[in-house]
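Below, read A as the first sequence line, B as the second, and so on, with proteins coming before strands; counting in each chain starts at 1.
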2 protein chains.
Amino acid sequence: MGTGLALPLDQVLVGDCIDLMRGLPPASVHAVFADPPYNLQLKNGLRRPDHSLVDGVDDAWDSFPDLAAYDAFTRAWLGEARRVLRKDGTVWVMGSYHNVFRLGAALQDLGFWVLNDIVWRKSNPMPNFRGRRFTNAHETLIWAARGPESRYRFNYAAMKALNEDLQMRSDWLLPLCTGPERLRDSKGAKLHPTQKPEALLHRVLLACTGPGDVVLDPFLGTGTTAAVAKRLGRRFIGIEREEAYADAAAGRIAAVEPLPEAAAAITPAKREQPRIPFGTLVERGLVPPGSVLVDRARRWSAQVAADGSVRCGRAQGSIHRVGALVQDAPSCNGWTFWHVEARDGRLRALDEFRAEIAGGAG
Amino acid sequence: MGTGLALPLDQVLVGDCIDLMRGLPPASVHAVFADPPYNLQLKNGLRRPDHSLVDGVDDAWDSFPDLAAYDAFTRAWLGEARRVLRKDGTVWVMGSYHNVFRLGAALQDLGFWVLNDIVWRKSNPMPNFRGRRFTNAHETLIWAARGPESRYRFNYAAMKALNEDLQMRSDWLLPLCTGPERLRDSKGAKLHPTQKPEALLHRVLLACTGPGDVVLDPFLGTGTTAAVAKRLGRRFIGIEREEAYADAAAGRIAAVEPLPEAAAAITPAKREQPRIPFGTLVERGLVPPGSVLVDRARRWSAQVAADGSVRCGRAQGSIHRVGALVQDAPSCNGWTFWHVEARDGRLRALDEFRAEIAGGAG
DNA sequence: AATTAGAGTGAATCCTCGT
DNA sequence: GACGAGGATTCACTCTAAT
């Protein structure tokens, strides 16, 4: 990076995240995932109908004297995170209604560009024992790019595959972290009050990173982000202030076995496939010069020239340009618009010919 | 109220909501519902894959020079709303990720006490046409009391009854306002770009008001809040700046017949049946990436990728698609076709894994 | 009359590479 | 940087027209 600073990859750093991020080189991580303190302000112990005490979040790290102090803290760590983030990187920040509006406003004020707000719908939330509000059955994740013009990464095809070939929506249904996944001490008490499910991080990291990318988590807790990153073949930098959490995280991460490359693979994006000019198909004789192209409804036909251009009446140019011209459309994907008629009358899109040679072209 | 000012009940006031709220007596309304401009900031036209143009919200009333101007506007009208609100009253404010963080932060800064953030999950949202983000499939409503000590009203039993005797959660699934409910002009064009569904207001007003209570909507638009309030036997005050919207609202409200008292009680809603994508099993580790799937006769095998797609030779895609491809069949139910082999050699169909999590998923 | 095919549409911050 | 060209991209529902 030219700064003389090396990235402390695949480590859990113990200390204050603002201080420690200051020691990282600028524009060096692909993604930041942050689950900061929620500033819950639970005043009195909450009791269930059977009078048992609910084990709420009342740890020292979660309390701030007032909203202004929480805002100052939020803007300080978010500012450092932005400095450390690559230009094409994205951040994920999580919260509930107690703090998420502070987080979102701070992101916008610092110049981040919100891409989505994601709702984690909990399939098994804690009921509202007092019956005084709606069951608080979700938390919110904000996904943001470094700025409005950022060319961020979104693994669209992978997200679509994960949702049975329908676009992934902004509402995600996932259970809480329970059972064997939940870290516990020797007495069976939960080690961390707000441990997040690995499934949540699986989706987050698969959405916005590639193999080998670096993920920074400034509030690592017991290491969910790092564990999932390691399993998926990503690099991580974890920061945690409480030694007990950091120790638990380190042990947990060490036990994770990375997936073999093939298993961690995701559906490739079409945009990332090697580009094949139409002229290549003409050169190789798959669609020889003189071939006649038609659209699916056979409304228009065009003739292929030796240089890969096509002509339809007076319109001449690329398959895309001529497709747009004949339809009077602003643009056109000639690969899927134009077809070749086989001897039996069946139509094959140019895209199918392209797929045939894509294997040998990369 | 002792102020000498009378409440203009069951009327649509035309003008600026800040000015007009100043003319209302303090502490006089039971609830405020506000769907303010979202400040969308759309830059370029967006086209669907078929090249048709999306009719985006580009009205002058939704445009602000910058976030500071939007914040100033927000705090001005919210401040007046707070003055007009009774001590035991609550407010509802709606937004999307463009503006909801500004709204929430302003509420907190003005002294309101957030009770819930409610997610309106749209059953039929517009897709993300360019595949660059998650489908923006929800909007957020913030429900807040006047302050931390307020003795607000929450009709717990009514909400529970509305949800088949389960506590009403903070995520609500409702369709967009379409069909005959959507107000249109003589040419069939929508009268208002963002008309809200009556079902949403039905739930909101039923949750926090009683018969005869007064509901104020400072951004009435075409009158959804007022229409539902009248039908449910509540009083309303609507404020709208655009005369065309106010006129349409007045006509619409006049046509509403209040429900007989007994009927205003409850309309039951069905609980939703969750659709579970195969990717969910992968994320949650029930069928981890790298797992090998076989058909019942063990004629074919396929490997599971991290995004829930599977691969068998060169065939890659969903469990259904690959199942169909290997059999050269037009379609295939991957849930029953593919199996995982247990250590003892027994085969378990994917459907059995799905059944395991279906219970906790609703 | 009952289906079916096709067109239309919804609060949208919606592309990327090479020259 | 600007500019031009390549080419990637949609889900659920309603309504109309045709069969």
Within the 6.0 Å centroid threshold, strictly below: [X] and [Y]:
| X | Y | result |
| --- | --- | --- |
| A:His138 | B:Trp172 | no |
| B:His98 | B:Tyr38 | no |
| B:Phe33 | B:Phe219 | no |
| A:Trp113 | A:Tyr152 | no |

Side-chain donor/acceptor contact of B:Lys43 with base of C:dA12 under 3.5 Å: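 Not at all, since no donor on one side and acceptor on the other fall under 3.5 Å apart.
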
Could a donor-acceptor pair under 3.5 angstrom be found where the side chain of B:Arg48 meets the base of C:dG10?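 Checked by distance alone, the answer is yes.
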
Output the residues of [range] in contact with DNA chain D, where contact means a heavy atom of the residue under 4.0 Å from an atom of the strand; sort by number or write none.
| range | answer |
| --- | --- |
| residues 176-183 of chain B | B:Thr178, B:Gly179, B:Pro180 |
| residues 308-336 of chain A | A:Ser318, A:His320, A:Ser331, A:Cys332, A:Asn333, A:Trp335 |
| residues 146-170 of chain A | A:Tyr156, A:Lys160, A:Asp165, A:Leu166, A:Gln167 |

Whole angstroms only, please: what is the [atom1]-[atom2] distance between [X] and [N]?
| X | N | atom1 | atom2 | result |
| --- | --- | --- | --- | --- |
| B:Leu173 | D:dC13 | CG | C1' | 14 Å |
| B:Leu200 | C:dG10 | CG | P | 18 Å |
| B:Asn124 | D:dT14 | CG | C1' | 10 Å |
| B:Arg47 | C:dT9 | CZ | P | 14 Å |
| A:Arg296 | C:dG6 | CZ | C1' | 12 Å |
| B:Lys190 | C:dT9 | NZ | P | 9 Å |
| B:His138 | C:dG10 | NE2 | C1' | 16 Å |
| B:Arg132 | D:dT10 | CZ | C1' | 16 Å |

[X] bridged to [Y] by N-O distance under 4.0 Å:
| X | Y | result |
| --- | --- | --- |
| B:Lys43 | B:Asp58 | no |
| A:Arg298 | A:Glu341 | yes |
| A:Lys160 | A:Asp165 | no |
| A:Arg146 | A:Asp88 | no |
| B:Glu198 | B:Arg203 | no |

Could you work out the separation of [N] and [M] based on their [atom1] atoms and round it to a whole Å?
| N | M | atom1 | value |
| --- | --- | --- | --- |
| C:dA11 | D:dG7 | P | 35 Å |
| C:dG10 | D:dA8 | P | 28 Å |
| C:dC14 | D:dA5 | P | 23 Å |

Just to be sure I understand: a Watson-Crick pair is purine N1 to pyrimidine N3 plus N6-O4 or O6-N4, both under 3.5 Å. Using that and G-U wobbles, which stems of three or more pairs involve DNA chain C?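 The stems that DNA chain C takes part in, listed by first number, are C:2-10 with D:11-19, C:15-19 with D:2-6.
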
Report the residue (B:Arg130 or B:Asp62) whose heavy-atom-nearest nucleotide on DNA chain C is the more 5′ of the two.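 Looking at DNA chain C, the more 5' nearest nucleotide goes with B:Asp62.
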
What residue pairs, at least two apart or across chains, pass salt bridge (charged side-chain N to carboxylate O under 4.0 Å, His left out) with a residue in residues 310-337 of chain A?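 As it turns out, there is no salt bridge (charged side-chain N to carboxylate O under 4.0 Å, His left out) pair with a partner in residues 310-337 of chain A once direct neighbours are skipped.
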
Compare the minimum distances between each of C:dA11, C:dC14, D:dT9 and the side chain of B:Lys122, then state the nucleotide with the smallest one.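 Closest nucleotide among those given: C:dA11.
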
Going by the rule side chain to side chain contact (heavy atoms under 4.5 Å, CB included), which residues pair with B:Pro125 if we only count those two or more places apart in sequence or in a different chain?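 With neighbours one apart ignored, the set is A:Arg169, B:Lys122, B:Thr135, B:Ala137.
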
Which class fits the ring pair [X] and [Y]: parallel under 30°, tilted 30 to 60°, perpendicular over 60°?
| X | Y | answer |
| --- | --- | --- |
| B:Trp61 | B:Tyr245 | perpendicular |
| B:Phe64 | B:Phe73 | tilted |
| B:Phe101 | A:Phe101 | tilted |

Side-chain N or O of A:Arg275 less than 4.0 angstrom from OP1 or OP2 on D:dG7?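 For D:dG7, OP1 or OP2 has a side-chain N or O of A:Arg275 closer than 4.0 Å.
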
